[in-house]
Amino acid sequence: MFDVFIIGGGVSGVSCAMILGSAQSKPFVCDKKIGILTHQKTSSLQEALFNNAYGIPSGKLGSEILIESTEQLYNNYPHIVQIAGEKALKLEGEAGNFTLTTNKNSYKAKIIVIGIGAGNPFTIEGLEEYVIPHQKAIPEKNRIQLKNTDHKVTEGIYVTGTLAGWRSQLAIAAGSGAAVATDILTLWNNGIHVQVHDSIKKQ
């Protein structure tokens with residue numbers, strides 16, 4: 001049973017995983033099991049070139065970021081279980097007891113975070129009732145999102161990035177994933193607000 005299972009190895013999903021991973025030393029996180037499905041084949045980063053993203057050198061390829069980010073996640077936070085080469089197909093259950101079925105396995109989780117793209121059609125069975133047209137994309141693009149309030153779709157299910165209704169910008173997607181991570185950390189901390197920072201003073 002995972003305490004949190006993240007679907008998606010793009011910007012928002014990995015950003016969420018990194019923030020959760022960096023909080024491992026906190027007493028309300030140290031016993032939590034976190035997993036991420038790092039399926040990246042359909043990520044919009046595959047064809048991206050970055051000249052305008054904060055902190056990223058000009059000319060950086062999105063395909064490079066996809067590889068480097070999961071490597072960084074593994075090197076810094078190896079306790080997070082990365083599952084590559086599997087695609088999410090179906091989600092069943094309720095908060096505290098979800099079952100995610102992929103093309104190869106099934107996983108149990110208390111909380112689900114969905115960080116896949118906003119392409120149409122939506123391919124995870126069990127969430128159809130939440131699918132609506134994307135509110136910040138032009139109709140011609142035929143994008144979709146999941147209905148949510150501040151990233152929360154329903155009890156125990158969160159959505160990040162473009163699928164949460166945000167515009168397709170790397171900085172926005174990364175912030176969306178980080179926001180969900182801090183919401184989950186706050187939930188684990190009995191509602192006391194949490195943010196996680198490293199500092200040269202703490203080294």
Side-chain angles (χ1 to χ4, degrees), residues 1-26 28-30 32-40 42-45 53-56 62 65-84 86-88 91 95 98 100 102 107-118 124 127 130 145-146 148-189 193-198:
M1 173 69 77
F2 287 92
D3 291 280
V4 173
F5 198 94
I6 302 163
I7 303 170
V11 177
S12 68
V14 175
S15 176
C16 183
M18 284 184 177
I19 297 295
L20 292 174
S22 69
Q24 185 190 21
S25 63
K26 295 186 179 295
F28 52 88
V29 182
C30 62
K32 298 293 190 288
K33 185 176 181 182
I34 302 162
I36 179 170
L37 201 65
T38 57
H39 187 272
Q40 298 178 326
T42 57
S43 173
S44 57
L45 260 68
Y54 179 82
I56 295 178
I65 293 174
L66 284 171
I67 295 169
E68 293 167 3
S69 62
T70 52
E71 289 177 348
Q72 180 183 350
L73 180 63
Y74 176 78
N75 290 332
N76 288 353
Y77 314 113
H79 63 285
I80 292 184
V81 179
Q82 290 193 44
I83 301 165
E86 296 185 30
K87 185 176 181 180
L91 183 63
F98 291 108
L100 176 71
T102 73
Y107 303 94
K108 293 280 191 180
K110 297 176 182 177
I111 295 172
I112 295 287
V113 177
I114 306 168
I116 64 174
I124 303 176
L127 294 167
Y130 303 109
Q145 69 173 77
L146 298 185
N148 69 91
T149 301
D150 193 19
H151 295 103
K152 190 173 183 178
V153 177
T154 188
E155 198 63 36
I157 301 177
Y158 296 84
V159 61
T160 61
T162 55
L163 193 62
W166 297 109
R167 294 186 180 95
S168 180
Q169 298 285 161
L170 184 143
I172 295 173
S176 172
V180 168
T182 56
D183 283 347
I184 292 169
L185 292 173
T186 297
L187 180 67
W188 288 345
N189 196 30
H193 291 288
V194 177
Q195 50 271 324
V196 187
H197 303 291
D198 294 321

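Only this structure's heavy atoms are used, side chains among them; waters, hydrogens and symmetry mates stay out.
Side-chain contact between Ile6 and Leu20 is present, with heavy atoms from C-beta onward closer than 4.5 Å. Contact check for Thr182 versus Val196: no side-chain heavy atoms found under the 4.5 Å cut-off. With a 4.5 Å cut-off on side-chain heavy atoms, Ile111 and Phe5 do not count as touching. With contacts defined as side-chain heavy-atom distances shorter than 4.5 Å, the pair Ile157/Leu127 qualifies. A 4.5 Å side-chain heavy-atom check between Ile114 and Tyr158 finds every atom pair outside the cut-off. Using a 4.5 Å cut-off on side-chain heavy atoms (C-beta onward), Ile80 and Tyr74 make no contact.
If you take CD on Gln145 and OG1 on Thr162, they are separated by 9.5 Å, rounding to the nearest 0.5 Å. With rounding to the nearest 0.5 angstrom, the CG atom of Leu185 is 7.5 Å from the OG atom of Ser22. For the atom pair Ile124 CD1 and Lys87 NZ, the distance stands at 9.0 Å (nearest 0.5 Å). In this structure, OG1 on Thr38 lies 10.0 Å from CG on Leu66, to the nearest 0.5 angstrom. Between atom NZ of residue Lys152 and atom CG of residue Leu146 there is a gap of 15.0 Å, rounded to the nearest 0.5 Å. Atom CG of residue Leu163 and atom CG of residue Asn148 lie 8.5 Å apart, to the nearest 0.5 angstrom.
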Q: For Val113 and Val4, run side-chain contact (heavy atoms from CB on, under 4.5 Å): C-alpha distance rounded to whole Å, both residues' side-chain angles, the deciding distance at 0.1 Å, then the answer.
A: CA-CA 7 Å; Val113 177; Val4 173; 4.0 Å; yes
Q | Derivation and outcome, side-chain contact (heavy atoms from CB on, under 4.5 Å), residues Gln82 and Thr70 | A | CA-CA 8 Å; Gln82 290 193 44; Thr70 52; 3.5 Å; yes
Q.
side-chain contact (heavy atoms from CB on, under 4.5 Å) for Ile112 and Val153? Distances and angles first, verdict last.
A. CA-CA 10 Å; Ile112 295 287; Val153 177; over 6 Å; no
Q: Mind running side-chain contact (heavy atoms from CB on, under 4.5 Å) on Ile34 and Val81 for me, showing each step along the way?
A: CA-CA 6 Å; Ile34 302 162; Val81 179; over 6 Å; no
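The shortest non-hydrogen separation linking Asp183 to Asp150 is OD2-O, 4.1 Å. Residues Ser176 and Gly161 approach most closely at OG-N, 2.8 Å, considering heavy atoms. For the pair Glu86 and Thr102, the tightest heavy-atom approach, listed with the atom from each and the gap, is OE1-OG1, 2.7 Å. The heavy-atom pair separating Ile36 from Ala17 by the smallest distance is CD1-CB, 4.1 Å. Across all their heavy atoms, Val11 and Ala174 have their closest contact at CG1-N, 3.4 Å. Listed here is the closest heavy atom pair of Cys16 and Ala181: O-CB, 3.5 Å.
Between Asp3 and Lys33, none of the side-chain N atoms (NZ, or NE/NH1/NH2) sits under 4.0 Å from a carboxylate O, so this pair counts as no salt bridge.
Atom CH2 of Trp188 is surrounded by more than 12 heavy atoms from other residues, nucleotides or ligands within 6.0 Å. The environment of NE2 in His193 is sparse: at most 12 heavy-atom neighbours from other residues, nucleotides or ligands sit within 6.0 Å.
Counting only N and O atoms by type, the side chains of His151 and Thr160 include no donor and acceptor under 3.5 Å apart.
Using a 30° and 60° split on the angle between ring planes, Phe2 and Tyr107 fall in the perpendicular class, above 60°.
In this structure, Ser12 contributes its side chain and Gly177 its backbone to no donor-acceptor pair below 3.5 Å.
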